[in-house]
Engineer: 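The structure's right below; bear with me while I get my questions together.
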There are 2 protein chains.
Amino acid sequence: MTPRILIVEDEDALALLLRYNLEAEGFHVEVIMRGDEADLALREQLPDLLLLDWMLPGISGIELCRRLRARPEAERLPVIMLTARGEESERIRGLKTGADDYLVKPFSIPELVARIHALLRRAAPSRVASLIVVGDVELDRSARRVRRAGADVHLGPTEFKLLEFLMSHPGRVYSRESLLNNVWGTDVFIDDRTVDVHVGRLRRVLNRGRKADPIRTVRGSGYAFDERFGR
Amino acid sequence: MTPRILIVEDEDALALLLRYNLEAEGFHVEVIMRGDEADLALREQLPDLLLLDWMLPGISGIELCRRLRARPEAERLPVIMLTARGEESERIRGLKTGADDYLVKPFSIPELVARIHALLRRAAPSRVASLIVVGDVELDRSARRVRRAGADVHLGPTEFKLLEFLMSHPGRVYSRESLLNNVWGTDVFIDDRTVDVHVGRLRRVLNRGRKADPIRTVRGSGYAFDERFGR
DNA sequence: ACACCGTGTCACAAAACTGTCTCCGAAACG
DNA sequence: CGTTTCGGAGACAGTTTTGTGACACGGTGT
């Protein structure tokens with residue numbers, strides 16, 4: 001249940017500091033100090049999040065990240081890169097390699113923690129594959145079924161796809177345009193506002209007789225499934 | 001949402017050709033023909049990509065690029081240098097100055113377009129690195145959400161963009177004019193004082209029931225997000 | 001042929017947001 | 001101090017954006 005974080009960092013002091021703080025934050029932390037050892041360990045088991053130093057003995061963080069991204073099961077593993085200031089100019093390369101986020105040393109622990117939470121929140125659902133659960137809303141892709149507080153909720157095909165897409169990245173805001181592209185498809189010519197109507201219908205049936213609405217309207221931007229919903 | 005490209009090129013014919021083709025490609029193009037004017041313009045607002053001629057009246061492209069790289073907020077701005085054949089030997093100097101790519105005239109438009117797309121793609125993740133944290137204020141771009149001490153704070157679109165801009169360079173003081181350019185856009189005609197009103201609204205909702213105010217007013221100059229805030 | 005369901009669009013109402021004004025106190029200035 | 005300049009706050013009217021009921025259309029099963 002508690003997220004597992006793997007730290008790959010060769011500096012003793014920093015590794016210790018990170019372990020201490022992240023464990024205090026309630027994470028299950030593991031530290032490896034060499035790139036090549038981390039590579040081996042990652043073949044055995046994937047953590048929920050990887051904290052990767054840029055320069056490492058054995059294999060560099062960049063190379064490690066590149067190898068990782070080549071594995072389909074690690075495709076969505078959140079990776080945060082740590083770099084010293086001098087290496088900063090290469091940050092573009094770092095992100096291109098597939099890191100999800102990027103911190104320049106020295107960084108503040110609260111900031112790191114915030115970023116970890118943000119990435120975990122976003123990554124969580126995708127690894128569960130067929131069942132997405134947020135708060136009291138469950139969506140089962142393979143069974144094409146949605147439940148609210150355990151009770152079945154009947155959705156039309158479009159409403160289902162819409163909810164599925166929104167729930168696939170809880171918290172993330174999608175523009176109407178993006179929703180049209182991802183739910184309806186890119187080749188259709190449909191009015192933006194149609195999205196509003198479907199969101200409205202989705203809400204009506206999903207919230208029937210309930211007060212809390214898991215779908216957040218973001219004025220001027222679009223809609224999001226509230227990842228904090230029910231917490 | 002369409003990427004904005006600034007072309008700095010003193011040759012009429014080439015400038016026109018570029019504008020025509022890049023606009024056809026769907027970019028929002030602006031052309032400036034003098035180096036010194038470009039320098040001024042770049043202080044006001046940064047484009048998404050800069051197309052820079054090597055030789056320019058006023059300030060040379062090299063110098064412009066060097067100045068640009070000295071500014072932290074312009075660090076990631078993709079820059080493509082254009083050089084005449086005779087200058088080609090100096091390519092190393094060009095890249096060393098901080099250009100991300102360079103093209104020798106005459107070049108083919110499709111190649112230019114391809115490189116532009118490549119650079120924009122590469123630069124993209126940097127803006128998606130979505131979380132900014134200063135003190136107890138978190139701003140999550142992708143979720144379009146702001147939290148103060150962990151609690152959600154609801155901001156309107158303009159307030160959000162304003163805070164986003166201020167927080168993207170904590171400590172830096174922005175004039176009202178600069179804020180108008182970067183938050184509202186260059187093409188609007190709006191009173192300076194409107195910025196005050198929005199800062200006021202932002203403060204009210206961000207500090208609700210709290211004493212510490214992370215936004216610093218610099219009398220006679222503008223506003224800044226206090227980088228020491230919370231430390 | 002008919003009832004039914006899911007959809008896309010529209011029009012109107014409600015809600016949220018915006019830019020400007022005015023007034024007032026605070027800060028600089030001599 | 002008296003004066004002037006500048007920024008903060010509330011009020012307000014206009015605009016933009018979103019929520020929603022109504023409606024028409026097409027497909028499907030009966």
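Reminder, nothing fancy here: chain letters follow the sequence lines and each chain counts from 1.
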Engineer: Identify every side-chain donor-acceptor pair in residues 194-207 of chain B under 3.5 Å, counting partners at least two apart or on other chains, and give the distances.
Structural biologist:
unit_1 : atom_1 : unit_2 : atom_2 : d
B:T194 : OG1    : B:D191 : O      : 3.2
B:D196 : OD1    : B:R176 : NE     : 2.7
B:D196 : OD1    : B:R176 : NH2    : 3.3
B:D196 : OD1    : B:Y223 : OH     : 3.0
B:D196 : OD2    : B:R193 : NE     : 2.6
B:D196 : OD2    : B:R193 : NH2    : 3.4
B:R203 : NE     : B:D213 : OD2    : 2.7
B:R203 : NH1    : B:T217 : OG1    : 3.4
B:R203 : NH2    : B:I215 : O      : 3.0
B:R203 : NH2    : B:T217 : OG1    : 2.6
B:N207 : OD1    : B:R148 : NH1    : 2.9
B:N207 : ND2    : B:R203 : O      : 3.4
B:N207 : ND2    : B:D213 : OD1    : 3.1

Engineer: What is the distance, rounded to the nearest whole Å, between atom NZ of A:K161 and atom P of C:dG6?
Structural biologist: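 Taking NZ of A:K161 and P of C:dG6, I get 14 Å after rounding.
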Engineer: Scan B:V197 against the nucleic acid and name what it touches under 4.0 Å (heavy atoms): base, sugar-phosphate only, or nothing.
Structural biologist: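 The answer is base, as B:V197 lies within the cut-off (heavy atoms under 4.0 Å) of a base atom.
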Engineer: Expressed in angstrom and rounded to an integer, what is the separation of A:R204 atom CZ from C:dG6 atom P?
Structural biologist: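 My rounded result for the distance is 12 Å.
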Engineer: Would you tell me if any nitrogen or oxygen in the side chain of A:Y223 comes within less than 4.0 Å of OP1 or OP2 on D:dG19?
Structural biologist: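 The answer is yes; a side-chain N or O of A:Y223 sits under 4.0 Å from OP1 or OP2.
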Engineer: Give the rounded distance in Å between these two atoms: CZ of B:R193 and P of C:dT20.
Structural biologist: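 From B:R193 CZ to C:dT20 P: 12 Å.
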Engineer: Where the side chain of A:D196 is defined as all heavy atoms beyond and including C-beta, which of D:dG19, D:dG7, C:dC17 is the nearest nucleotide?
Structural biologist: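 The answer is D:dG19.
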Engineer: Quick check for you: among C:dT20, C:dT7, C:dT9, whose closest atom lies nearest to any side-chain atom of A:T194?
Structural biologist: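 Of the options given, the side chain of A:T194 lies nearest C:dT9.
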Engineer: Under 4.0 Å: is that the gap between some side-chain N or O of A:H154 and OP1 or OP2 of C:dG6?
Structural biologist: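 Looking at the OP1 and OP2 atoms of C:dG6, one of them is under 4.0 Å from a side-chain N or O of A:H154.
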Engineer: Is atom CZ of B:F107 surrounded by more than 12 heavy atoms (other residues, nucleotides or ligands) closer than 6.0 Å?
Structural biologist: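 Yes, CZ of B:F107 has more than 12 neighbouring heavy atoms, counting only those of other groups under 6.0 Å.
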Engineer: With a 3.5 Å cut-off and heavy atoms only, can you find an N or O donor on one side and an acceptor on the other between the side chain of A:R219 and the base of D:dT18?
Structural biologist: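 No, no donor-acceptor pair under 3.5 Å.
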Engineer: Can you check the A:F189 CZ to C:dT7 P distance for me, whole Å?
Structural biologist: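 Computing the A:F189:CZ to C:dT7:P distance gives 19 Å.
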Engineer: For the backbone of B:A15 and the side chain of B:E9, can you confirm whether one donor and one acceptor N or O come within less than 3.5 Å of each other?
Structural biologist: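 Pair absent, no side-chain N/O of B:E9 close to backbone of B:A15.
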Engineer: Classify A:R201 by what it touches in the nucleic acid, base, sugar-phosphate, or nothing, heavy-atom distance under 4.0 Å.
Structural biologist: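 Base contact - A:R201 has a heavy atom under 4.0 Å of at least one base atom.
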Engineer: Base, sugar-phosphate, or nothing: which does A:F160 touch, judged by heavy atoms less than 4.0 Å apart?
Structural biologist: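 Counting heavy atoms under 4.0 Å across all strands, no contact is made by A:F160.
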Engineer: Without decimals, in angstroms, what is the distance between A:L163 CG and C:dG6 C1'?
Structural biologist: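 To the nearest whole Å, that distance equals 17 Å.
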Engineer: Of the listed nucleotides (C:dT9, C:dT7, C:dG19), which one gets closest to any side-chain atom of A:I190?
Structural biologist: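 From the listed options, C:dT9 comes nearest.
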Engineer: Output yes when B:E164 and B:K161 qualify as a salt bridge under the 4.0 Å nitrogen-oxygen rule, no when they do not.
Structural biologist: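 Judged by the 4.0 Å cut-off on N to carboxylate O distance, B:E164 and B:K161 do not form a salt bridge.
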Engineer: For a quick test of reading the model: is some side-chain N or O of B:T217 closer than 4.0 Å to OP1 or OP2 of D:dG7?
Structural biologist: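 False: B:T217 side-chain N/O out of range (4.0 Å or more) of D:dG7 OP1/OP2.
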Engineer: Which nucleotide in the set C:dT7, C:dT18, D:dT18 lies at the smallest distance from any side-chain heavy atom of A:R176?
Structural biologist: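 Selected nucleotide (nearest to the side chain): D:dT18.
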Engineer: Would you confirm whether B:D39, through its side chain, and B:G35, through its main-chain N or O, come within 3.5 Å as a donor-acceptor pair?
Structural biologist: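 Not a single qualifying donor-acceptor pair exists.
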Engineer: Rounded to the nearest angstrom, tell me the gap between atom CG in B:D192 and atom P in D:dT5.
Structural biologist: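 Going from CG in B:D192 over to P in D:dT5 covers 17 Å.
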Engineer: Atom CH2 of B:W184 to atom P of D:dT16: distance rounded to whole Å?
Structural biologist: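 Those two atoms, CH2 and P, are 17 Å apart.
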Engineer: Within this structure, what is the CZ-to-C1' distance between A:R216 and C:dA15, rounded to whole angstrom?
Structural biologist: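 Whole-Å distance recorded here is 18 Å.
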